[in-house]
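Owing to the predicted nature of the structure, the values given are computational and were not obtained by experimental measurement. Positions are given from 1 along the sequence. Atom set for the values below is all heavy atoms of this structure, side chains included, hydrogens, waters and symmetry mates excluded.
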Amino acid sequence: MRQVNHELSAMRCPHALADVDLFGPGAAEHWYEAYAILHAEAPVLRLPGEGLTPDRDAFVLSKYEDIARVVRDWERYPPTLSLLLEARKADPASVRAMPDIDAMVKSIATLRPNPELWRAHRQQLTDPWVGPGAKRHEAMITSHVDTLIDQWIAGEKFDFVADFARPLPQRTMADVLGFPLEDVKDLEIWGNAQVMSYVHGCGHNNILTPEQTAEKFRLLAGFSDYVRDHVRRRRANPGEDMISFLAQVHYEALDRKLTDDEIDGIVYAMVIGGLETTQYALVEQAQLLIERPGLFAKLKADRSLIRPFTEEGMRLRSPTQGLSTRITSQGEVFQGIHVPAGSTLHLRWGAANIDPDEFEDPLELKLDRAAVTRHLAFSAGPRVCPGTGLSRLEQTIAWNRLCDRLAALDYAPGNTFLHQPGIMLGTLALHCTFEREISA
């Protein structure tokens, strides 16, 4: 069974509200103990002076009903980024902690600044590739899964992170976009640069130091050049990939072609959203499976249970635990706590997904749980993650093929079960032993 090495963690397990710090060094090792305290004592946790300006506060929401209400109402709880962009245009010096303007932010400003254009963006530009249309990639994903398994199945153990969960979405996204597989290592470097603020940034706003910001943009300049080169070639000689589609499409919502900057931003968003979520989901699911004797055999015997297993896995251990993504446009009351207009809302999806007022036996993995997809791991409402279709397909195929080819999966000695810093539940390594399925 799993035994976390707490001696390597920089933060002690919280036992009282005064101990709770969701953003300090080592916080990820004890998030779920902290959530129990927040639910019981502070479901709306005030962070004094941590709003967009020094005179405003931020509030951590940890209850399902509150977060579901916020994410479904764009007008009442506008996205932080939209307000920051407007404020920066009016008075650049007035906004503290403004995120750096990267390619994705630029494309949001022109392509999807409001709910209507956000919806159009999804329907025409991303849904056919990573949303409902992701089914087109089934054979490709299956091939990548089998290739990765082939690389370690002749041995006795492997690192589930480095040898399977991390490279699978990297290879998949490369194929979707039309990048050569030999460039996956570069894609990994650029992907790490894109999420640098979410891993190494400070506090709930994920603020990087000037030196970290400079390094991030140095790396991403190479990515932008790489994407633009692919766009130029696809305009002249289109293929069957997403970049070819974006380079050729007439975007109906704006009645024009997409610019190179806009395509760059869309590709940026595909990479930042398409790599980490699936990786972390698969790794946490592997741990949930190993820790429940008989569960792997049950999935092998009845493959219809794989989908509820992956959904329950994402609910129990959400890949992205929380983000400060919304602002209150008016005074609000959450759980009896007054939240002034202009406050930043940190939406803690990981806590909402184990809210005992919303989910019966919230810490139990139930394959027969009703409405199993209603968790908030992908958020919800008009800004739900556009790549949900692709991520769910990758997870389902991965576990189907692992069930085909393995007879058993277990922990190897030496695991620390430690996580990366930041706001994503990213297990750093997961050493596993296995038994091969004789008939595979």
query = Step by step, would you call Thr259 with Asp261 a side chain to side chain donor-acceptor pair (under 3.5 Å)?
reply = CA-CA 5 Å; Thr259 67; Asp261 280 345; 5.3 Å; no
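- Sparse packing is recorded around CD of Glu360, with 12 or fewer heavy atoms of other residues, nucleotides or ligands lying under 6.0 Å away.
- Classification of the Phe223-Trp190 ring pair by plane angle, with boundaries at 30° and 60°, yields tilted.
- For the pairing with Arg317, the salt bridge (Lys or Arg N to Asp or Glu O under 4.0 Å) check across Glu312, Glu311, Glu291 returns one residue only, Glu291.
- Residue pairs that meet the ring-ring contact (aromatic ring centres under 6.0 Å, His included) test with at least one member in residues 104-124, sequence neighbours left out, are Trp74-Trp118.
- Looking only at side-chain heavy atoms (C-beta outward), Arg69 and Arg76 come within less than 4.5 Å of each other.
- At least one donor-acceptor pair closer than 3.5 Å links the side chain of Thr328 to the backbone N or O of Pro340.
- For Gln395, the side-chain hydrogen bond (donor to acceptor under 3.5 Å, both in side chains) criterion is met by Gln285, Ser391, not counting sequence neighbours.
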ask   = Checking ring pair (Phe, Tyr, Trp, His ring centres under 6.0 Å) for the pair Phe23/His346: CA distance, chi angles, key distance, verdict?
value = CA-CA 12 Å; Phe23 312 105; His346 179 84; 5.1 Å; yes
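- Of the charged side-chain nitrogens involved, at least one lies within less than 4.0 Å of a carboxylate oxygen, so that Arg235 and Asp260 count as a salt-bridged pair.
- Ionic pairing of Glu116 and Arg119 is not present here: no N-O contact between side-chain nitrogen and carboxylate oxygen is shorter than 4.0 angstrom.
- With respect to Asp355 and Lys63, a salt bridge is recorded, a charged nitrogen being found less than 4.0 Å from a carboxylate O.
- In this structure, the side chains of Val249 and Lys257 stay at 4.5 Å or more apart for every pair of heavy atoms.
- Distance check: Leu52 CG to Ser324 OG gives 9.5 Å after rounding to the nearest 0.5 Å.
- Tested against His144 for a side chain to side chain donor-acceptor pair (under 3.5 Å), the candidates Arg401, Arg171, Glu394 yield a single pass: Arg171.
- Between Phe378 and His375, the ring planes are tilted. Angles from 30° to 60° get that label.
- Taking a cutoff of 4.0 Å between a charged side-chain nitrogen and a carboxylate oxygen, Arg234 and Asp241 qualify as a salt bridge.
- A cation-pi arrangement is present between Arg315 and Phe359, with the terminal nitrogen or guanidinium carbon under 6.0 Å from the aromatic centre and inside a 45° cone about the axis.
- Other residues, nucleotides and ligands contribute at most 12 non-hydrogen atoms within 6.0 Å of the OH atom of Tyr198.
- A donor-acceptor contact closer than 3.5 angstrom is absent between the side chains of Ser329 and Glu75.
- Under a 4.0 Å N-O distance rule, the pair Arg228/Asp225 does not qualify as a salt bridge.
- Counting only residues at least two apart or in different chains, ring-ring contact (aromatic ring centres under 6.0 Å, His included) contacts with residues 302-342 comprise Phe309-Trp399.
- No more than 12 heavy atoms of other residues, nucleotides or ligands lie within 6.0 Å of NZ in Lys298, so this atom counts as exposed by the packing criterion.
- Not a single donor-acceptor pair under 3.5 Å links the side chain of Asp361 to the backbone N or O of Glu364.
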